[in-house]
J.: 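Just dropping this structure here.
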Protein chains: 2
Amino acid sequence: MRSAARCSSCAMRHLCMPQGVAANEMPQLEALICSARPVRRGEALYRAGDSFDSLYAVRSGSLKTVMAHRDGREQVTGLRIAGEALGLDGISSDQHACSAVALEDSSVCIIPYAALKHLCREISSMQERLHKLMGEQIVREAAQMMVLGSLSADERVAAFLLDISERNAQRGYSSAEFNLRMTREDMGSYLGMTLETVSRTLSRFQKRGLIDAQGRLIHIVDPEGLRQVGAPSNA
Amino acid sequence: MRSAARCSSCAMRHLCMPQGVAANEMPQLEALICSARPVRRGEALYRAGDSFDSLYAVRSGSLKTVMAHRDGREQVTGLRIAGEALGLDGISSDQHACSAVALEDSSVCIIPYAALKHLCREISSMQERLHKLMGEQIVREAAQMMVLGSLSADERVAAFLLDISERNAQRGYSSAEFNLRMTREDMGSYLGMTLETVSRTLSRFQKRGLIDAQGRLIHIVDPEGLRQVGAPSNA
DNA sequence: CGCCCGATTGATAACGCTCAAGGCAAGTGG
DNA sequence: CCACTTGCCTTGAGCGTTATCAATCGGGCG
């Protein structure tokens with residue numbers, strides 16, 4: 001048996017969907033059986049091929065999503081920090097297209113998809129919220145396609161650091177300092193480059209005074225400078 | 001004024017959403033004002049930043065979606081052929097995140113989002129269909145991230161050709177022969193490489209007897225061989 | 001017919017990969 | 001408590017794939 005703490009009893013309940021759901025609809029929201037589940041570092045919340053029946057919201061910690069080619073090659077396709085949604089990759093075919101692995105001991109809220117669907121038919125703000133969630137994922141992935149397709153190694157790393165920084169800020173964490181938790185290999189996989197290149201790039205950024213990195217602990221010293229990486233003047 | 005032929009009067013009506021919508025719900029589907037709109041070659045159906053209010057289904061022809069970086073660099077993020085959905089990139093922020101440009105004279109069905117949302121609250125199969133549509137887009141984009149992040153130039157081109165081939169087959173067109181309509185530059189942009197590399201790769205494939213290409217007209221001669229591109233034996 | 005855009009092909013160079021060695025920190029067992 | 005292992009990170013040297021620059025070709029259209 002796993003922990004089944006109701007989301008309604010946790011401080012981060014608002015993460016399990018809302019944001020745009022009117023206050024007077026809260027009671028119905030509560031009806032959405034939203035239990036929590038811990039996921040230990042390295043453990044998979046779900047694996048590619050698993051049957052899909054719930055969405056998740058990261059309550060604490062962070063996870064990576066990983067997709068595999070048939071020839072065995074794997075690539076990290078996403079990173080989710082506390083407050084972000086997870087599991088949308090399962091909607092299209094009723095089974096997950098990728099795996100979600102915890103980067104540290106984490107906890108997620110479970111949102112049964114069937115119940116959510118039902119609720120979306122009754123509460124339009126709920127429907128709106130789910131649609132936006134999916135739409136955001138679509139746009140985020142398209143943006144990542146741009147990163148992978150058009151940016152140099154330096155630009156990719158810079159863009160990645162700024163993305164994480166912004167997302168941290170959005171969720172109320174520090175935008176300047178954070179613990180990445182991914183290995184250099186994970187970062188490389190996500191950014192379409194080797195772990196060595198990631199390492200070298202970070203070292204160079206550090207020499208230039210853009211960041212201060214101690215292993216996975218990253219301190220963004222000069223965000224504006226990071227934004228300029230790759231610009232004509234920065235050859 | 002643009003053409004406002006009702007979708008219900010066209011042979012491809014089933015493309016404008018259904019597939020999974022029960023027959024007895026058709027009348028309500030008809031109520032979804034689904035007009036058609038022609039888009040000439042090179043014309044934009046919508047541009048990044050345009051306000052979002054409709055989804056589209058390609059009725060005939062094909063379009064590319066293009067996303068732009070702030071520094072002006074553009075990348076092709078998708079290709080849509082007849083029967084495929086378009087416009088989901090606008091849901092998240094009520095304005096389109098990318099532009100959709102016709103690769104040839106085309107025609108799309110217009111599906112007003114507000115009406116669709118309303119319908120999805122009444123007809124669960126409709127809701128299901130929309131969710132799957134979005135879910136498919138999410139998975140497709142994740143797969144493209146893998147292509148861009150882990151495959152060599154040869155493998156990317158091969159994967160692209162096979163993808164188009166499969167999608168053509170799914171929509172009832174020939175899987176062996178098709179007119180790509182994109183320029184080499186568009187292909188390169190989509191695949192994260194230069195137009196010269198695309199050209200060279202296609203030439204090489206042709207010499208190997210995998211395909212027969214006459215400009216944008218592609219004939220897939222050996223699909224199994226294409227699938228083997230990049231495999232250990234094919235050095 | 002001549003023009004122009006797109007495609008092809010070649011030569012060269014750069015960026016990032018591969019292979020390899022070494023370092024550091026945390027954990028494990030004697 | 002220290003030797004040893006293990007996993008991850010860093011740094012270096014050399015090479016290969018792919019980008020860049022450039023010339024030519026070809027087809028469609030005015």
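Chain A is the first sequence line, chain B the second, and so forth, proteins listed ahead of strands; every chain is numbered from 1.
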J.: Can you tell me the distance, in whole Å, between the CE atom of B:M182 and the C1' atom of C:dA7?
T.: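 These atoms are roughly 16 Å apart.
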J.: Between C:dT8 atom C1' and B:F205 atom CZ, what is the distance in whole Å?
T.: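 Computing the B:F205:CZ to C:dT8:C1' distance gives 16 Å.
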J.: Hey, does B:R216 reach any base, or is it just sugar-phosphate, or nothing, if we go heavy atoms under 4.0 Å?
T.: sugar-phosphate
J.: Where each residue is assigned the nucleotide of DNA chain C containing its nearest heavy atom, which of A:D154 and A:E196 is assigned the position nearer the 5′ end?
T.: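 Final value for this comparison: A:D154.
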J.: Compute the ring centroids of A:F160 and A:Y190, then answer whether they are less than 6.0 Å apart.
T.: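 So the answer is yes for these two rings.
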J.: Within this structure, what is the CG-to-P distance between A:L195 and D:dT10, rounded to whole angstrom?
T.: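 It works out to 10 Å between those atoms.
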J.: Report the distance from atom CG of B:D186 to atom C1' of C:dC5, rounded to the nearest whole Å.
T.: 13 Å
J.: Is the number of heavy atoms from other residues, nucleotides or ligands within 6.0 Å of CZ (B:R227) greater than 12?
T.: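 Atom CZ in B:R227 is crowded, with more than 12 foreign heavy atoms closer than 6.0 Å.
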J.: Of A:L151 and B:E185, whose closest DNA chain C nucleotide lies nearer the 5' terminus?
T.: B:E185
J.: Starting at CD1 of A:I111, measure out to CG of A:D53 and round the result to the nearest 0.5 Å.
T.: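 If we round to the nearest 0.5 Å, A:I111:CD1 and A:D53:CG are 12.5 Å apart.
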J.: When the distance from CZ of B:R200 to P of C:dT12 is rounded to whole Å, what number comes out?
T.: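 Taking atom P of C:dT12 as the reference, CZ of B:R200 is at 13 Å.
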J.: Specify the separation, in whole Å, of atom CE of B:M187 and atom P of C:dG6.
T.: 15 Å
J.: A:S199 side chain: which of C:dA7, C:dT9, D:dT10 is closest?
T.: D:dT10
J.: In whole angstrom, give the distance that lies between atom CG of A:L217 and atom P of C:dA26.
T.: 13 Å
J.: Please pick, from D:dA19, C:dT18, C:dG16, the nucleotide with the shortest atom-to-atom distance to any side-chain atom of B:T194.
T.: D:dA19
J.: For B:L202, which contact category applies under a 4.0 Å heavy-atom criterion: base, sugar-phosphate, or nothing?
T.: nothing
J.: Measure CE/B:M193 against C1'/D:dT18 and give the value in whole Å, please.
T.: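 Those two atoms, CE and C1', are 9 Å apart.
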J.: At what distance, to the nearest 0.5 angstrom, does CE of A:M67 lie from CD of A:E74?
T.: 11.5 Å
J.: Under 4.0 Å from OP1 or OP2 of D:dT11: is there any side-chain N or O of A:S203 that close?
T.: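 It does, given that an N or O in the side chain of A:S203 lies less than 4.0 Å from OP1 or OP2 of D:dT11.
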J.: In Å, rounded to the nearest 0.5 Å, how long is the span from OH of A:Y173 to CZ of A:R167?
T.: 12.5 Å
J.: Which of these nucleotides, C:dG6, D:dT10, D:dA19, is closest to any side-chain atom of B:T197?
T.: D:dA19
